Amino acid sequence: RRRAESAFSAADETLSRLTQQRAEQRDKGLRAVGAARLARAQRVRKNAAQQNATMAAEKMHKAVLLAEQRQLAEAGRQAAREAKALRIQMEEAQAQASLDAQSASILAMTVAISAEAEGRMAALKRREGALAWKMQRLTLNATRRRHFEAAAAAEAEALKR
């Protein structure tokens, strides 16, 4: 009986030791599986964070490129506006120069016409003066002739008496 109890007790201890070992191994396995799952989840989170960081960096890079593109486009539009303004100024300057040239030409023609008119006026005054002198001479001659005729008529009358 003692031997049977002792054998039963030894078997019970062995069984409980085996059960405990099995439980420890199962716990170790579960811990290992949990650690592996945790490590895997951490790797997944790390990869997702890296992907998110990469995507954010790409978005930021695209935004920077877009901003630079917009700045270049605005600079191009500004340069085009400035070129248009310069072209308009140049056309205005050319038009003003053309008007100035036309004004100078008109002024020169006016001066020439004025000089010619003054020359003609002087010629007309000379001719008028010459005509006045001639009229005076003719009037004087006519008066002399009338006096002469009157004197001759008076003489003829005196001779008839």
Side-chain angles (χ1 to χ4, degrees), residues 1-140:
R1 193 171 164 200
R2 270 189 190 170
R3 266 195 243 148
E5 282 178 11
S6 168
F8 183 73
S9 167
D12 191 32
E13 279 179 32
T14 304
L15 182 62
S16 80
R17 199 171 7 99
L18 286 174
T19 305
Q20 188 177 359
Q21 282 177 352
R22 225 168 143 201
E24 286 174 2
Q25 285 176 351
R26 190 182 68 226
D27 287 347
K28 278 184 189 177
L30 286 176
R31 269 189 246 124
V33 168
R37 283 184 183 165
L38 183 63
R40 183 169 170 239
Q42 287 175 345
R43 277 195 314 273
V44 167
R45 272 190 233 118
K46 180 182 170 188
N47 288 343
Q50 284 177 343
Q51 284 178 345
N52 288 342
T54 303
M55 285 172 55
E58 286 174 358
K59 282 183 182 178
M60 191 174 79
H61 185 63
K62 283 181 184 177
V64 166
L65 289 176
L66 189 60
E68 288 176 356
Q69 186 180 13
R70 285 181 184 153
Q71 285 177 343
L72 287 173
E74 181 58 33
R77 285 191 292 272
Q78 181 66 28
R81 283 192 293 269
E82 289 173 2
K84 186 176 181 182
L86 286 175
R87 191 179 71 244
I88 289 170
Q89 286 178 353
M90 187 180 72
E91 288 172 357
E92 287 175 353
Q94 287 174 344
Q96 186 63 41
S98 175
L99 286 175
D100 291 346
Q102 288 175 354
S103 297
S105 173
I106 290 170
L107 183 63
M109 286 173 25
T110 304
V111 167
I113 290 170
S114 176
E116 185 179 339
E118 286 176 11
R120 285 184 182 181
M121 286 298 290
L124 286 173
K125 282 185 181 183
R126 281 193 307 273
R127 198 179 285 165
E128 184 183 352
L131 285 174
W133 181 81
K134 216 175 206 183
M135 286 293 292
Q136 206 173 24
R137 293 277 299 160
L138 287 173
T139 304
L140 184 63

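Because only heavy atoms are used, hydrogens play no part in the values below, and waters and symmetry mates are left out as well, while side chains stay in. This one's a predicted model, so the numbers in the text were calculated from it and none came from an experiment.
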Set out, in order, the CA-CA distance, both residues' side-chain angles and the distance that settles side-chain contact (heavy atoms from CB on, under 4.5 Å) for R31 and D27, then state yes or no. CA-CA 6 Å; R31 269 189 246 124; D27 287 347; 3.5 Å; yes
Residues which pass side chain to side chain contact (heavy atoms under 4.5 Å, CB included) with Q21, listed by chain and number, not counting sequence neighbours: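 Listed in chain order: R17, L18.
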Approximate separation, where rounding is to 0.5 Å, of [X] [atom1] and [Y] [atom2]:
X	Y	atom1	atom2	value
L138	Q136	CG	CD	10.5 Å
D100	Q102	CG	CD	9.5 Å
R87	Q94	CZ	CD	11.5 Å
E82	Q89	CD	CD	10.5 Å

Under a 3.5 Å distance rule, please check whether S105 uses its side chain to pair with a backbone N or O of A101 as donor and acceptor.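 Pair absent, no side-chain N/O of S105 close to backbone of A101.
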So, the side chain of T54 versus the backbone of Q50: is there a donor-acceptor pair under 3.5 Å, distance only?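 Yes; judged by distance alone, with no hydrogens or angles, the pair exists.
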Holding to salt bridge (charged side-chain N to carboxylate O under 4.0 Å, His left out), I want the full list of residues that pass it with R26, two or more places apart in sequence or in another chain.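 Scan of R26 (salt bridge (charged side-chain N to carboxylate O under 4.0 Å, His left out), adjacent residues dropped) gives none.
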Could you tell me whether [X] and [Y] have a side-chain N and a carboxylate O separated by less than 4.0 Å?
X	Y	answer
R77	E74	yes
K28	E24	no
K84	E91	no

Any donor-acceptor N or O pair under 3.5 Å, side chains Q96, E92: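 Judged by distance alone, the side chains do not pair up.
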Side chains of N47 and Q51: is there a donor and an acceptor less than 3.5 Å apart?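 Per modelled atom types, N47 and Q51 side chains form no pair under 3.5 Å.
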Worked check of salt bridge (Lys or Arg N to Asp or Glu O under 4.0 Å) between K62 and E58: CA-CA 6 Å; K62 283 181 184 177; E58 286 174 358; 5.7 Å; no
With a cut-off of 6.0 Å (strictly less than), are more than 12 heavy atoms of other residues, nucleotides or ligands near CZ of R81?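 More than 12 heavy atoms, drawn from other residues, nucleotides or ligands, come within 6.0 Å of this atom.
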side-chain contact (heavy atoms from CB on, under 4.5 Å) between T19 and R22, intermediate numbers included: CA-CA 5 Å; T19 305; R22 225 168 143 201; 5.5 Å; no
